[in-house]
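Report on one structure; see the data block that follows.
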Amino acid sequence: MTASFFRTALILGLLSAIGPFAIDMYLPALPSIGQDLHADNNVTQLTLLAFFISFALSQLVYGPISDMWGRKLPLYLGISLFALASIGCALSTDIETLIAFRFVQGIGGAAGMVIPRAIVRDMHTGVQAARLMSLLMLVFSISPILAPLTGSAVIEFYGWRGVFWAVTIAALIGLVLLATQLDETRPATDRSGSGLGSAMTAYRLLLSDRNFLTLTFIGGLGISSFLVYLANSPFVLIEHYGLTPTQYSFAFSINAVSFFAVSQATGWLGERFGLVRVMRIAVSAFALAMVVMAVAMAAGFNQLPVMASFLFIGYGFLGLVIPTSAVLALEDHGAIAGTASSLMGTLHFVIAAVAMVISSLFFDGTALPMAAGIAVCAFLALVLTQATIGRRAATVAAE
């Protein structure tokens with residue numbers, strides 16, 4: 001792999017991480033935000049939910065726009081909006097205002113999630129795309145490793161408002177990298193047939209493509225398992241298990257280390273065994289780890305080291321599921337890669353938002369509802385994989 005290959009992965013990963021950075025960095029501050037703005041835990045969690053809803057729905061717009069206008073202009077618009085909304089979050093004086101600006105922030109941050117995936121598809125397919133996607137995931141995974149740790153340090157000295165000033169700076173850095181280091185990968189000749197009508201046609205095509213929807217839902221359930229953990233872990237680990245915000249940041253980061261470390265084997269495993277087989281085995285191992293974790297905790301083995309060990313193993317296998325499912329879903333849709341990436345991202349986060357809402361209804365301050373929610377997402381991903389991808393793989397092998 002060339003230096004330009006790694007440079008592209010680094011830039012795309014950093015652009016993808018800007019939005020999630022705004023989530024992960026302020027997670028340690030959720031309890032203090034609630035206290036400062038006089039809001040209970042459920043209302044404080046709405047600052048997460050508002051971001052996820054706008055983040056999900058806005059992706060439906062950025063993909064077709066990037067097919068029509070090219071990849072760079074929508075990125076400029078989205079990241080600029082994200083920066084302005086971050087300033088609004090930093091200046092908020094009540095929870096309602098914070099929720100509103102988080103919603104706007106999600107609209108801007110969605111550009112960085114959709115368009116880099118489309119750029120990967122513009123440049124590569126197959127195993128090469130899986131390699132680039134896994135490298136992108138490596139950089140992307142820096143967010144849940146460094147963001148909570150950075151957030152803890154910022155909160156310690158500047159309070160939770162400092163987190164939003166920090167992500168504003170991150171967005172400005174992203175704009176500089178976009179302007180100076182990234183070339184346009186959607187030439188004008190490829191945009192000539194793109195418009196509102198073609199976007200609607202593309203969405204109808206994608207919604208009738210069983211293979212695309214299956215792979216998207218498998219990836220979405222995997223992401224949902226992580227976002228259920230993300231939404232509940234500050235309260236579980238800090239308030240239930242008694243960790244400090246800094247200790248919580250380290251505990252949260254360990255899972256991200258597992259995720260990105262294993263994800264780097266995606267290209268090698270895909271070349272050796274095939275991407276479909278790799279994904280099928282990874283989903284099975286991911287589901288097994290999470291279901292056993294929930295059963296063990298329900299049986300009384302609910303100590304923090306027990307939960308942390310299973311999460312480390314399970315999220316490691318998830319590091320194989322996410323890039324392979326994304327690459328396989330986009331494989332047949334190069335001409336509408338932006339639109340396909342949009343629909344994939346929207347479905348991912350709609351599924352995750354539903355999972356987060358349902359898990360919050362059962363939250364009682366302990367770890368078991370969170371563990372059960374994670375296990376349900378993983379088990380559903382396994383059922384869907386075995387019913388569709390697993391059956392297809394068996395048919396191909398028989399032939």
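- With sequence neighbours excluded, the residues that form a side-chain contact (heavy atoms from CB on, under 4.5 Å) with Gln247 are Leu243, Thr244.
- Interatomic distance, OG1 of Thr168 versus CD1 of Ile18, reported as 11.0 Å (0.5 Å rounding).
- Judged by distance alone, with hydrogens and angles left aside, the side-chain atoms of Tyr203 form a donor-acceptor pair with the main-chain N or O of Leu60 at under 3.5 Å.
- Contacts of Ser80 classified as side chain to side chain donor-acceptor pair (under 3.5 Å), with partners at least two apart in sequence or in another chain: none.
- Residues passing the side chain to side chain donor-acceptor pair (under 3.5 Å) test with Ser58: none are found, sequence neighbours excluded.
- Closest approach of Gln59 to Ala110, counting heavy atoms only: CG-CB, 3.7 Å.
- Under a hydrophobic clustering in which Ile, Leu, Val, Met, Phe, Trp and Tyr are joined whenever their side-chain heavy atoms come within less than 4.5 Å, directly or via other members, Leu172 and Ile11 fall into the same cluster.
- Between the side chain of Arg102 and the main chain of Ala50, no donor-acceptor pair closer than 3.5 Å is present.
- Pairs of residues two or more places apart, or lying in two chains, that qualify as side chain to side chain donor-acceptor pair (under 3.5 Å) and include a residue from residues 212-229 are Tyr229-Asn255.
- A donor-acceptor pair is defined here as one N or O able to donate and one able to accept, closer than 3.5 Å; no such pair exists between the side chain of Thr346 and the backbone of Leu343.
- Ser208 contributes a side-chain N or O that, together with a main-chain N or O of Arg204, makes up a donor-acceptor pair within less than 3.5 Å.
- For Phe212, the CZ atom is densely surrounded, since the number of other residues' heavy atoms within 6.0 Å is greater than 12.
- When atom types are taken as modelled, the side chain of Ser258 and the backbone of Phe312 share a donor-acceptor pair closer than 3.5 angstrom.
- Summarising the geometry, atom CD1 belonging to Ile87 is positioned 11.0 Å from atom CZ belonging to Phe82; distances are rounded to the nearest 0.5 Å.
- Cluster membership for Leu46 and Ile107, using ILVMFWY side-chain heavy atoms within less than 4.5 angstrom, is shared.
- No donor-acceptor pair closer than 3.5 Å links the side chain of Glu239 to the backbone N or O of Pro234.
- Nearest heavy-atom pair, Met307 versus Met370, reported as atom, atom and distance to 0.1 Å: SD-CE, 3.6 Å.
- In this structure, Leu75 CG and Ile119 CD1 are separated by 6.0 Å, a value rounded to the nearest 0.5 Å.
- Ala39 and Ile95 get closest at one heavy-atom pair: CB-CG1, 4.0 Å.
- Taking both residues in full, the closest heavy atoms of Leu81 and Gly108 are given as CD2-N, 3.9 Å, listed atom of the first, atom of the second, then distance.
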Full working for side chain to side chain contact (heavy atoms under 4.5 Å, CB included) between Val262 and Phe317: CA-CA 7 Å; Val262 178; Phe317 284 107; 5.6 Å; no
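- For Tyr76, the OH atom is densely surrounded, since the number of other residues' heavy atoms within 6.0 Å is greater than 12.
- Leu49 contributes atom CG, which lies 9.0 Å from atom CD1 of Ile99 (distance to the nearest 0.5 angstrom).
- Nearest heavy-atom pair, Ala352 versus Leu227, reported as atom, atom and distance to 0.1 Å: CB-CD1, 3.4 Å.
- Across every non-hydrogen atom of Gly319 and Ser263, the tightest pair is O-CB, 3.0 Å.
- With sequence neighbours excluded, the residues satisfying side-chain contact (heavy atoms from CB on, under 4.5 Å) with Ala90 are Phe164, Trp165.
- Identified under the side chain to side chain donor-acceptor pair (under 3.5 Å) test for residues 287-313, with sequence neighbours left out: none.
- Distance check: Ile218 CD1 to Leu384 CG gives 4.5 Å after rounding to the nearest 0.5 Å.
- A donor-acceptor pair is defined here as one N or O able to donate and one able to accept, closer than 3.5 Å; no such pair exists between the side chain of Asp36 and the backbone of Ser32.
- Taking CG of Leu215 as the reference point, atom CD of Glu331 lies at 10.5 Å (rounded to 0.5 Å).
- Counting only distance, with no hydrogens or angles, the side chain of Ser16 and the backbone of Gly112 share a donor-acceptor pair below 3.5 Å.
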